There are 2 protein chains.
Amino acid sequence: MASIFKEIGTKDKEKLLKELEAIKMFFNKNSSLLERISKSNLIGILKFGSVQIIRTDYNGNVIIISDLREGDIFSTKFSLLDNAEYDIIAKEDSEIIFIDYDYILNINQKKSIYYQKFLINFINIMGEMIYYQNKRINVLTRKTTREKLLEYFYNESRKRYSKTFKLDFNLTELAEYLSIDRAAMMREIKHLKEDKIIEISNGKLTMLN
Amino acid sequence: MASIFKEIGTKDKEKLLKELEAIKMFFNKNSSLLERISKSNLIGILKFGSVQIIRTDYNGNVIIISDLREGDIFSTKFSLLDNAEYDIIAKEDSEIIFIDYDYILNINQKKSIYYQKFLINFINIMGEMIYYQNKRINVLTRKTTREKLLEYFYNESRKRYSKTFKLDFNLTELAEYLSIDRAAMMREIKHLKEDKIIEISNGKLTMLN
DNA sequence: CTGTTAGTGTTGCATTTGCAACTTTTTTGA
DNA sequence: TCAAAAAAGTTGCAAATGCAACACTAACAG
């Protein structure tokens, strides 16, 4: 997996963070990030914890747009935070480093090796983001609940090189991630169990056959 | 809109393309790109024409994953082309410049100004790609056909600063883009007309009120 | 230890959706 | 210019989905 500081030594990393005027912030579990940061143009690097970008519809429906873990990166510019339905929530106690996006592209030390590396790391991470968004679109464009579930499970299984794995989400969140009704999803999961396609118990899923 | 050669002069651009071993290719309308390019690791820059990345399900259902126009960029690495359901189709006669992704990050002239600019342009374009994918996810995660249509129309209207605009897609393609049944979409469009929320005739849409 | 909250699991029912099968209209290219 | 293909438009119907409203269990905080 790509990392934003890959192949950059500790000293260079410190220098870089200083030049970029990086700010480290701590967020308590279940708090909203948007109350404390500007929405305009920041890159967030998740040091530890977990964070979700969510959308809450006018009818109270919650959709998980992004689910971020340690090392993941998000952008306030490229996410749709101007949309009032959107929010960013720390799901656990989390520490995040914020960098102004414009500073990344307008640093003084453009010729330094560590800046070159940083830019390339940044590009690789953006590439990964695009890839995972495509995966997500690939799931969301499936027509039926069953297909969405199977596509998601199949992806997770491949990602972990195992037919049995722990789900990243609880079942309520899974429905929010797949943008389907939770009750309908539970019904379909029951069918998948009955058809002996999956087994699932306390957060652990097994794909049969 | 970001451009990959922004602020790079003609001569530097030529030098750059040579160093990157860029290859220019022409594709006839309705031909598949995958028959002629490697799937592994290319960046495609659409000089002119239009191109779609599509997925065809086992049941023959077509979904438009990306719709690309002049100046747009796509990647064979970050798209899901290892998935046999995927294909890239030239919708019109198109010319595309291909660059190997790895060359972009491993060029000799790393310290040249035009390479700096190129990298920054590349980052800005990737940012745009992420933004538009988020827009797409924002539409696809709407639960009903009506909400998907309205969210899409609303976005287009804002993008063009006008309540009346020409649709990028014909109606068959629009259903493929929104991943909904065409007949169900037609039904819902009829309702939207009856409810005096939109007007639509030969590819031109108006949002009322 | 225990009351409260969050998450799981289930069901009935109305609504929406997808599918199949058409007709009509428009576009295209030989 | 006209036949064929593509796109638009429509409908009935079965199936899938969302919604509301539950009961039950697990997790958590005071």
Side-chain angles (χ1 to χ4, degrees), chain A residues 28-30 50 52 54 56-64 89 91-93 139-151 166-195 198-205, chain B residues 28-31 52 54 56-64 89 91-93 139-151 166-195 198-205:
Chain A
N28 287 316
K29 181 173 173 171
N30 293 328
S50 80
Q52 285 179 357
I54 60 168
T56 309
D57 288 13
Y58 61 93
N59 52 17
N61 243 317
V62 172
I63 306 291
I64 297 173
I89 303 289
K91 295 296 285 183
E92 306 169 40
D93 287 356
V139 172
L140 290 173
T141 48
R142 302 286 160 175
K143 288 242 161 68
T144 63
T145 296
R146 176 179 269 243
E147 285 175 323
K148 282 178 189 161
L149 282 168
L150 284 178
E151 191 66 32
K166 206 179 158 318
L167 289 167
D168 276 345
F169 298 115
N170 64 44
L171 295 178
T172 301
E173 287 178 316
L174 182 57
E176 289 169 0
Y177 186 74
L178 299 178
S179 190
I180 51 185
D181 179 66
R182 191 183 62 84
M185 186 191 79
M186 296 300 292
R187 197 159 32 206
E188 198 53 44
I189 283 180
K190 196 166 68 179
H191 294 159
L192 286 170
K193 281 178 182 172
E194 284 164 1
D195 297 348
I198 64 164
E199 274 173 11
I200 183 168
S201 69
N202 51 322
K204 240 185 169 174
L205 190 138
Chain B
N28 287 316
K29 180 173 175 172
N30 292 329
S31 64
Q52 285 179 357
I54 60 168
T56 309
D57 289 12
Y58 60 94
N59 51 19
N61 242 317
V62 173
I63 306 292
I64 298 172
I89 304 289
K91 296 296 285 185
E92 307 169 40
D93 287 354
V139 172
L140 290 173
T141 48
R142 303 286 161 176
K143 288 242 162 66
T144 63
T145 296
R146 177 180 269 242
E147 284 175 326
K148 283 178 189 163
L149 282 168
L150 284 177
E151 190 66 32
K166 205 177 159 319
L167 288 168
D168 276 344
F169 298 115
N170 64 44
L171 295 179
T172 301
E173 288 178 316
L174 182 57
E176 290 169 358
Y177 185 74
L178 299 178
S179 189
I180 51 185
D181 179 68
R182 191 183 62 85
M185 186 190 80
M186 295 302 291
R187 197 158 32 204
E188 197 53 44
I189 283 180
K190 196 166 69 180
H191 294 157
L192 285 170
K193 282 178 180 172
E194 284 165 2
D195 296 349
I198 64 166
E199 273 173 11
I200 183 167
S201 68
N202 51 321
K204 240 185 169 174
L205 190 137

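Predicted model, so just to flag it, every value in this text is computed and none were measured. These numbers come from the heavy atoms of this one structure, side chains and all, not from hydrogens, waters or symmetry mates. Residue numbers begin at 1 in each chain, while the letters A, B, ... track the order of the sequences.
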Query raised in the report: Who are the salt bridge (Lys or Arg N to Asp or Glu O under 4.0 Å) partners of B/D93, not counting sequence neighbours?
Result: none
**Report entry** With sequence neighbours excluded, residues passing salt bridge (Lys or Arg N to Asp or Glu O under 4.0 Å) with B/K91
**Finding:** B/E173
Query raised in the report: What parts of residues 166-178 of chain B reach DNA chain C, counting only heavy atoms under 4.0 Å away?
Result: none
Query raised in the report: How many angstroms lie between CD1 in B/I89 and OG in B/S31, if you round to the nearest 0.5 Å?
Result: 7.5 Å
Query raised in the report: How many angstroms lie between CG in A/N202 and CG in A/N170, if you round to the nearest 0.5 Å?
Result: 12.5 Å
Run the side-chain donor-acceptor check on residues 180-193 of chain A: report pairs under 3.5 Å with partners two or more places apart or on a different chain.
| from | atom 1 | to | atom 2 | distance (Å) |
| --- | --- | --- | --- | --- |
| A/D181 | OD2 | A/A183 | N | 3.2 |
| A/D181 | OD2 | A/A184 | N | 3.1 |
| A/E188 | OE2 | A/R146 | NE | 2.9 |

Report task. Looking only at non-hydrogen atoms, find the nearest pair between B/V139 and B/E151 and report the distance. Result -> CG2-CG, 3.7 Å
For the residue pair [X] and [Y], establish whether any side-chain heavy-atom pair is separated by less than 4.5 Å.
X: B/L149; Y: B/L174; value: yes
X: B/I54; Y: B/I63; value: no
X: A/Y177; Y: A/K148; value: no

Report task. Report, as a single string ordered 5' to 3', how protein heavy atoms within less than 4.0 Å touch nucleotides 15-30 of chain C: B base, S sugar-phosphate only, - not at all. Result -> --BBBB----------
Report summary line: Hits for side chain to side chain contact (heavy atoms under 4.5 Å, CB included) against A/E92, two or more places apart or cross-chain, chain-then-number order -> A/S50
Report summary line: Residue set satisfying side chain to side chain contact (heavy atoms under 4.5 Å, CB included) with A/N59, at least two apart, ordered chain then number -> A/D57, A/N61
Query raised in the report: Who are the side-chain hydrogen bond (donor to acceptor under 3.5 Å, both in side chains) partners of A/T144, not counting sequence neighbours?
Result: A/E147
Query raised in the report: Hey, where on DNA chain D does chain B first and last touch, going 5' to 3'? Cut-off is any atom under 4.0 Å from a heavy atom.
Result: D/dA7 to D/dG18
Requested in this report: Please report how far the helix from C/dC1-D/dG30 to C/dA30-D/dT1 bends, comparing the axis fitted to its first five pairs with the axis fitted to its last five, to the nearest 10 degrees.
Outcome: 60°
